J.: 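Before anything else, here's the structure in question.
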Amino acid sequence: YNMRYIVLFLFASLLQLRLDPSLQQNLLHTLNATVVRDTTTTCPYGALLYNVTSQIRSILSNVSLDNLGVGRPGHCGGVNWTRVAYLNMTDLNQTCPANWTLVTYPGNSGTTLRACQRKNGASCDVAYYSVKGQRYTQICGRIVGNLYGQTEAFNSYVTKSAVSINSYYLDGMDITRGNPRQQVWSFASSTSRMTLAYICPCSNRSLNIPTTNVPTFVGSNYFCDCGAPPYTTEPAGKHYYSHIMWSGTDCPPDSTCCSFNTPPWFWRVLPNSTTDDIEVRQCANNVVTDENIDAIIVEVYIK
């Protein structure tokens, strides 16, 4: 054994764990599998390695996903979560799902940002994720990204041009399960704070936006974000990288969108256990050059 390599491995594992919380259980399994082999009398560092790995195992066995930045306090906590969807376009090795397309655009300080957009016109473009037959009763996750162009929240539903979950009832993204589709969580996006049909229901409280602006099959299971400060109607064909959508930050003072359902993480308990596969969809009622979502991170967990 080379103790330097062992220490570097443990340090790298913990660092990666912080960056990717879903590796918690994998690291535990690795340590469990190696601890017997590493404590044999033929290894001069066996006792030290045993103590180190035992302490790490103890910490990981008692830590919750909340403490690792996955889920907000009181939600999505505990262990035994299985990640079924993961997209992180800040990782140059990652690619977009087949039905989405890669876009790159300039960010702050000369950086280049990578994201995934829908490919088609008025549509919902789907990324499919199998749960591989695993039964679950809870779903937790998040989607974050940037706004592109002029999005209009639930306008398609309000104007009755698309009222079904199978159509583009929102400008934004949603997570569904099963066939027929059942809504899990919706991520609506708006660039207007003044037009009732286009506005986030949680935005500009002085307008008294009717609850009928939200589809009945969505209910209260959604986030909505005005993604283009200063939160007025913005021109089409522009990436708004200065604001992170559905992050729970940078809301105007008369909006409750940053506190409504406490984004960025959602969590739902289902009425019955299921093995339904998961869909993540990008939706809009206009062409891609007019409005879109730059999806940067997508995470969905079940248990």
Side-chain angles (χ1 to χ4, degrees), residues 20-26 28-29 61-87 97 99 124-144 153-154 156-157 162-170 172-188 201-202 211-224 246 248 259-283 295 297-303:
D20 185 352
S22 69
L23 293 178
Q24 176 184 351
Q25 293 300 313
N26 289 341
L28 267 174
H29 294 327
S61 295
N62 291 285
V63 76
S64 74
L65 291 177
D66 295 331
N67 297 328
L68 292 171
V70 179
R72 55 191 186 274
H75 299 293
C76 305
V79 295
N80 299 322
W81 288 93
T82 299
R83 188 175 71 188
V84 295
Y86 182 68
L87 177 73
N99 291 333
C124 286
D125 289 357
V126 184
Y128 299 95
Y129 296 95
S130 173
V131 303
K132 300 178 181 177
Q134 179 172 332
R135 189 162 292 278
Y136 61 95
T137 58
Q138 299 181 52
I139 310 179
C140 154
R142 64 171 176 162
I143 297 176
V144 295
F154 295 110
S156 293
Y157 179 84
V163 297
S164 166
I165 193 173
N166 297 315
S167 188
Y168 44 86
Y169 68 91
L170 85 166
M173 300 182 66
D174 77 353
I175 298 172
T176 65
R177 63 181 179 90
N179 183 16
R181 288 188 177 97
Q182 298 181 65
Q183 190 258 9
V184 174
W185 207 262
S186 298
F187 300 78
C202 50
T211 56
T212 52
N213 277 25
V214 181
T216 54
F217 55 82
V218 171
S220 61
N221 300 311
Y222 71 93
F223 299 140
C224 195
W246 311 301
S259 58
F260 179 71
N261 281 329
T262 58
W265 290 89
F266 76 87
W267 170 73
R268 284 199 66 179
V269 176
L270 305 180
N272 300 293
S273 65
T274 183
T275 58
D276 287 342
D277 290 332
I278 302 294
E279 292 181 340
V280 181
R281 303 188 299 169
Q282 293 211 36
C283 302
I297 294 177
V298 175
E299 294 184 82
V300 180
Y301 299 81
I302 61 172
K303 80 169 180 176

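Just so it is clear, the structure is predicted and the values come from calculations on it, not from any experiment. Here, residue 1 is the first one in the sequence, and each next residue gets the next number.
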J.: Pair Y222, F260 - check ring pair (Phe, Tyr, Trp, His ring centres under 6.0 Å), show working.
T.: CA-CA 9 Å; Y222 71 93; F260 179 71; 4.9 Å; yes
J.: Looking at N99 and Y128, what are the two nearest heavy atoms and their distance?
T.: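 What the structure gives for the nearest pair is ND2-CE1, 3.8 Å.
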J.: Heavy atoms only: give me the nearest V144-P264 pair and the separation to one decimal.
T.: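 Residues V144 and P264, closest heavy atoms: CG1-CB, 4.5 Å.
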J.: Step by step, work out the ring pair (Phe, Tyr, Trp, His ring centres under 6.0 Å) result for W246 and F187.
T.: CA-CA 7 Å; W246 311 301; F187 300 78; 5.5 Å; yes
J.: Taking all heavy atoms of D277 and all of V131, pick out the closest pair and write down the distance.
T.: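 Taking D277 first and V131 second, the nearest heavy atoms are OD1-N, 2.9 Å.
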J.: If you round to the nearest 0.5 Å, how far is OG1 of T82 from OH of Y301?
T.: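 Y301 OH to T82 OG1: 10.5 Å, rounded to 0.5 Å.
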J.: Kindly indicate, with the supporting measurements, whether the criterion side-chain contact (heavy atoms from CB on, under 4.5 Å) is fulfilled by L170 and Y157.
T.: CA-CA 7 Å; L170 85 166; Y157 179 84; over 6 Å; no
J.: Can you tell me if S164 uses its side chain to pair, donor with acceptor, with the backbone of N166 under 3.5 Å?
T.: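 Looks like yes, one N/O pair under 3.5 Å.
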J.: Report the C-alpha distance between V280 and Y129 in whole Å, list the side-chain angles of each, state the deciding distance to 0.1 Å, and finish with yes or no for side-chain contact (heavy atoms from CB on, under 4.5 Å).
T.: CA-CA 8 Å; V280 181; Y129 296 95; 3.8 Å; yes
J.: Which residues pass the salt bridge (charged side-chain N to carboxylate O under 4.0 Å, His left out) test with D125, sequence neighbours left out?
T.: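 By the salt bridge (charged side-chain N to carboxylate O under 4.0 Å, His left out) rule, D125 matches no residue at all.
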J.: Please tell me if the side chains of F154 and V214 come closer than 4.5 Å, counting only heavy atoms from C-beta onward.
T.: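 Yes, close enough: below the 4.5 Å cut-off.
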J.: Under 3.5 Å, side chain of S167 to main-chain N/O of Y169, donor-acceptor pair present?
T.: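 Here the side-chain-to-backbone pair does not exist.
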J.: Looking at every heavy atom in both S220 and N261, which two are closest together, and how far apart are they?
T.: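 Nearest heavy atoms, S220 then N261: O-ND2, 2.6 Å.
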J.: Sub-3.5 Å donor-acceptor pair from the side chain of R268 to the main-chain atoms of V184, do we have one?
T.: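 Yes, the answer is positive, given that a donor and an acceptor are paired below the 3.5 Å cut-off.
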J.: Determine the minimum heavy-atom distance between L87 and A295, stating which atoms define it.
T.: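 Nearest heavy atoms, L87 then A295: CD2-O, 4.4 Å.
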J.: Counting C-beta onward and ignoring hydrogens, is there a side-chain heavy-atom pair between Q282 and I143 closer than 4.5 Å?
T.: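 Not in contact.
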J.: Ignoring hydrogens, what is the shortest heavy-atom contact between N80 and K303? Give both atom names and the distance.
T.: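 Nearest heavy atoms, N80 then K303: O-CB, 3.3 Å.
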J.: May I ask you to decide if V84's main-chain N or O and Q134's side chain share a donor-acceptor pair within less than 3.5 Å?
T.: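 No, Q134 side chain to V84 backbone: no donor-acceptor pair under 3.5 Å.
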J.: When rounded to the nearest 0.5 angstrom, what is the spacing between CZ in R281 and CD1 in I175?
T.: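 Output value for this atom pair is 11.0 Å.
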J.: List the steps and the verdict of disulfide (SG to SG under 2.5 Å) for C283 and C124.
T.: CA-CA 4 Å; C283 302; C124 286; 2.0 Å; yes
J.: Please answer whether the main-chain N or O of W185 pairs with a side-chain N or O of D174 as donor and acceptor at a distance below 3.5 Å.
T.: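 The answer is no, because no donor-acceptor pair under 3.5 Å joins these two groups.
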J.: Could you list the residues that satisfy side chain to side chain donor-acceptor pair (under 3.5 Å) with Q138, not counting sequence neighbours?
T.: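 Q138 satisfies side chain to side chain donor-acceptor pair (under 3.5 Å) with W267 only.
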J.: Provide the full list of salt bridge (charged side-chain N to carboxylate O under 4.0 Å, His left out) pairs with a residue in residues 175-184, sequence neighbours left out, each pair given once.
T.: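 Counting only pairs at least two positions apart or across chains, the salt bridge (charged side-chain N to carboxylate O under 4.0 Å, His left out) contacts touching residues 175-184 are R177-D276, R181-E279.
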J.: Could you tell me the separation between the OH atom of Y136 and the CD1 atom of I278, rounded to the nearest 0.5 Å?
T.: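 The OH atom of Y136 sits 3.5 Å away from the CD1 atom of I278.
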